[in-house]
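The block underneath contains the structure these notes are about, expressed in structure tokens.
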Amino acid sequence: MEKKLIDHLFRHHSGKMVSVLTRIFGLSHLEIIEDAVQDTFIKASISWRTKQPDNPEAWLTQAAKNRILDIFRKLKTEKKHLPNIIHGTSTIALNELFLDTEIEDSQLRMIFTACHPKLDPRDRISFALKTVSGFSIKEISSALLTKEDSIKKRLTRARKAIQQSQLKFQIPQGTLLPQRLESVMEVLYLIFNEGFHSNKEETLVRKELCGEAMRLCKMLLTHTHTRTPEVYALFALMCFHSARIETKTNAKNELLDLKNQDRSQWHFPLIKLGNAMMDKAVDTSSFSCYHYEAAIAAEHIHAARFEDTNWNKILHWYECLYTIQPMPIHLLTMAVVCLQNKDYKMSKKYLAQINPEDLVQRAYLYYGTLSDYYYATNNLSEAIKHIDYAINMVNNKFEKSYLQKKKLDLRFTKN
């Protein structure tokens with residue numbers, strides 16, 4: 001029980017501790033701070049075996065502060081690097097940094113630091129998950145399908161970039177904010193997507209990644225300067241997708257597509273929240289990619305039955321999305337929408353514009369869609385050939401099983 005409690009607290013509290021302590025001691029000591037927070041939890045796991053404190057979070061916070069001061073004293077750097085925080089008014093100021101509003105402010109500063117353009121885009125997600133969300137290297141490695149050594153290198157590169165660029169631990173102001181906020185939203189979007197469309201072999205959905213992305217996005221909405229229409233749209237998108245997480249698989253743990261999901265089991269409080277967020281999101285003269293993606297998700301969510309889906313409207317939103325974000329995955333989805341509309345000529349036109357290699361790990365989706373196209377146009381041998389390509393390329397076992405079942409249906413139709 002103690003281990004579960006400590007694991008839970010580490011995930012939800014370590015990011016807060018690292019952020020606040022970084023605000024106190026500075027980004028130059030980030031690695032020492034992370035080590036100190038880690039040591040604090042190890043100490044907790046030993047100390048709490050005999051007696052659990054009345055307020056575990058307060059215990060951990062105080063222990064982390066004490067641990068860092070101990071380390072700095074040992075390094076004989078206190079006078080050089082530390083403010084005088086042990087006596088008088090400085091102590092009061094220090095304690096105020098642990099008020100809820102100040103903790104959120106510190107976490108926002110850490111989010112902007114982790115997603116800074118000076119950091120390599122490949123390193124930002126790993127660094128954000130580590131410093132802001134409290135994910136271990138092993139968990140990040142698992143979530144991103146990357147070796148632990150590679151994650152360690154990414155974290156080291158990120159810390160080095162922070163030092164070399166002398167980044168400030170602050171929320172950007174003025175004209176800098178929109179560009180920096182765009183970088184933050186991109187990272188949160190990618191974290192959510194990795195949870196919702198997991199590439200991990202044994203897991204279809206990683207709810208903890210979805211939940212963490214939503215928590216951080218919600219935090220952006222608490223701050224006046226980061227509460228923008230784009231952030232509202234991103235949060236709405238997350239709400240709409242999260243509302244149907246529980247229906248992505250059936251009782252046998254098999255993948256269900258939108259057509260076969262039990263819509264009565266969608267989480268309607270999240271849909272309601274998503275609608276409220278969209279109302280705020282559209283209070284703007286121009287729409288972002290998150291607006292269009294949320295609008296597409298809303299069309300699916302608001303259809304009482306799959307047969308009621310307004311595919312023309314969805315295609316329109318995808319066309320709008322493609323104009324500002326010309327990506328092959330959008331072409332692919334437009335091809336899928338055209339198949340639903342039985343516009344096979346247009347579907348083939350979109351498919352012809354795609355180089356499947358550009359889809360990287362999602363290339364199997366291209367071959368799966370091509371199989372659907374050939375099936376819809378009565379070319380069963382080509383349909384089976386291309387679904388075989390998809391099956392051989394897909395990594396996730398649930399999606400592989402889904403495609404294998406489709407192949408059986410194709411063979412049954414052929415016979």
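The line from CG of Leu216 to CE of Met238 is 8.5 Å long, rounded to the nearest 0.5 Å. The distance from atom CD1 of Ile137 to atom CG of Leu129, rounded to the nearest 0.5 Å, is 12.0 Å. A distance of 10.0 Å separates CD of Gln340 from OG of Ser347, quoted to the nearest 0.5 Å. Atom-to-atom distance recorded for Met185:CE and Leu220:CG is 8.0 Å, nearest 0.5 angstrom. In this structure, the separation between CG on Leu176 and CD1 on Ile171 is 13.5 Å, given to the nearest 0.5 Å. The OH atom of Tyr344 lies 5.0 Å from the NZ atom of Lys342; values are rounded to the nearest 0.5 Å.
Around CG of Asp54, the count of heavy atoms belonging to other residues, nucleotides or ligands within 6.0 Å does not exceed 12. Residue Asp283 places its CG atom among 12 or fewer non-hydrogen atoms of other residues, nucleotides or ligands, all under 6.0 Å distant. Few gaps surround NZ on Lys400; more than 12 heavy atoms of other groups in view lie less than 6.0 Å from it. Residue Gln179 places its CD atom among 12 or fewer non-hydrogen atoms of other residues, nucleotides or ligands, all under 6.0 Å distant. Counted within 6.0 Å of CD on Glu182, heavy atoms from surrounding residues, nucleotides or ligands total 12 or fewer; the atom is thus considered open.
Side chains of Asp262 and Ser264: a donor-acceptor N/O pair is present below 3.5 angstrom, by distance only. Donor-acceptor pairing under 3.5 Å is lacking for the side chains of Tyr373 and Glu382. A donor atom on one side chain and an acceptor atom on the other are found under 3.5 Å apart for Thr222 and Glu104. For the 3.5 Å distance criterion, the side chains of Asp308 and His302 fail to qualify, holding no donor opposite an acceptor. Side-chain contact, Ser133 with Glu212: a donor N or O sits under 3.5 Å from an acceptor N or O. Under 3.5 Å, the side chains of Arg109 and Ser19 contain no donor-acceptor pair of N or O atoms. Under the 3.5 Å distance criterion, with hydrogens and angles disregarded, a donor-acceptor pair is assigned to the side chains of Ser288 and His291. In summary, the side chains of Asp257 and Tyr402 do present a donor paired with an acceptor at a separation below 3.5 Å, with no hydrogens or angles considered.
Remark: side-chain polar atoms of Asn355 are paired, donor with acceptor, to backbone N or O of Glu357 under 3.5 angstrom. Under the 3.5 Å distance criterion, the side-chain polar atoms of Arg362 are left unmatched by any main-chain donor or acceptor of Ile329. Proximity of a side-chain donor or acceptor of Thr369 to a complementary backbone N or O of Leu365 within less than 3.5 Å is detected. Side-chain atoms of Ser242 do not come within 3.5 Å of backbone N or O of Cys239 as any donor-acceptor pair. In this structure a side-chain-to-backbone donor-acceptor pair under 3.5 Å is missing from Arg122 to Arg154. Between the side chain of Thr284 and the backbone N or O of Ser286 there is at least one donor-acceptor pair closer than 3.5 Å. Judged purely by atom type and a 3.5 angstrom limit, His267 has no side-chain atom pairing as donor or acceptor with the backbone of Pro269.
In this structure Tyr374 satisfies the ring pair (Phe, Tyr, Trp, His ring centres under 6.0 Å) test together with His386, sequence neighbours excluded.
For the pair Lys248 and Phe196, the distance from NZ or CZ to the six-membered ring centre is under 6.0 Å and the angle to the ring normal is within 45 degrees.
Closest approach of Asp358 to Pro328, counting heavy atoms only: CB-CG, 3.9 Å. Contact detail for Ser126 and Ile140: the closest heavy-atom pair is O-CD1, 3.6 Å. Closest of all the heavy-atom pairs between Asp279 and Val282 is O-CG2, 3.4 Å. Taking each heavy atom of Val18 and Met110 in turn, the nearest pair found is CG1-CE, 3.8 Å. Residues Pro229 and Ala281 approach most closely at CB-O, 3.3 Å, considering heavy atoms.
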Exercise. Tell me, with the steps shown, if Cys210 and Ile245 meet side chain to side chain contact (heavy atoms under 4.5 Å, CB included).
Key: CA-CA 10 Å; Cys210 295; Ile245 275 182; 4.0 Å; yes
Practice problem: Take Asp372 and Lys406, measure what salt bridge (Lys or Arg N to Asp or Glu O under 4.0 Å) needs, and give me the verdict at the end. | Solution: CA-CA 10 Å; Asp372 289 342; Lys406 282 186 76 170; 2.8 Å; yes
Self-check item: Criterion side chain to side chain contact (heavy atoms under 4.5 Å, CB included) on Arg244 and Leu258, from CA distance to verdict
Solution: CA-CA 9 Å; Arg244 57 185 189 84; Leu258 263 170; 4.0 Å; yes
Exercise. Decide yes or no on side chain to side chain donor-acceptor pair (under 3.5 Å) for Ser28 and Gln163, but give the supporting numbers first.
Key: CA-CA 6 Å; Ser28 59; Gln163 298 287 353; 5.4 Å; no
Exercise. Starting from the C-alpha separation in whole Å, work towards a yes-or-no answer on side chain to side chain contact (heavy atoms under 4.5 Å, CB included) for Leu209 and Phe135.
Key: CA-CA 10 Å; Leu209 286 179; Phe135 279 64; 3.7 Å; yes
Exercise. Tell me, with the steps shown, if Tyr366 and Leu370 meet side chain to side chain contact (heavy atoms under 4.5 Å, CB included).
Key: CA-CA 6 Å; Tyr366 167 81; Leu370 203 52; 3.9 Å; yes
Quiz item: Are Arg23 and Glu102 close enough, and set up right, to give a salt bridge (Lys or Arg N to Asp or Glu O under 4.0 Å), and what steps lead you there?
Solution: CA-CA 10 Å; Arg23 190 170 170 188; Glu102 294 302 321; 3.0 Å; yes
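Here the side chains of His330 and Tyr350 are not in contact, with every heavy-atom distance at 4.5 Å or above. At a threshold of 4.5 Å between non-hydrogen side-chain atoms, the residues Phe235 and Leu273 count as touching. Side-chain contact between Tyr322 and Leu331 is present, with at least one heavy-atom pair separated by less than 4.5 Å. Looking at heavy atoms from C-beta onward, Arg263 lies out of side-chain contact with Arg305 at the 4.5 angstrom threshold. Side-chain atoms of Thr113 and Leu30, non-hydrogen and from C-beta on, never get closer than 4.5 Å to each other. At least one side-chain heavy atom of Val394 sits less than 4.5 Å from a side-chain heavy atom of Leu403. Here the side chains of Glu299 and Thr309 are not in contact, with every heavy-atom distance at 4.5 Å or above. Put simply, the side chain of Asn395 does not reach to within 4.5 Å of the side chain of Gln361, judged on heavy atoms.
Screening Lys207, Gln265, Gln261 for a side-chain contact (heavy atoms from CB on, under 4.5 Å) with Glu246, the sole residue that qualifies is Lys207.
Ring pair Phe41/Trp59: centre-to-centre distance not below 6.0 Å. Under the 6.0 Å cut-off for aromatic ring centres, Trp311 and His300 qualify, their centroids lying closer than that.
Relative orientation of the Tyr292 and Phe287 rings is perpendicular, given thresholds of 30° and 60° on the angle between their planes.
Between Lys153 and Asp123 there is no salt bridge, since none of the side-chain N atoms of the basic residue sits less than 4.0 Å from a carboxylate O of the acidic one. One finds no salt bridge joining Asp149 and Lys147 here, because no Lys/Arg side-chain nitrogen approaches an Asp/Glu carboxylate oxygen to under 4.0 Å. Taking a cutoff of 4.0 Å between a charged side-chain nitrogen and a carboxylate oxygen, Lys43 and Asp39 do not qualify as a salt bridge.
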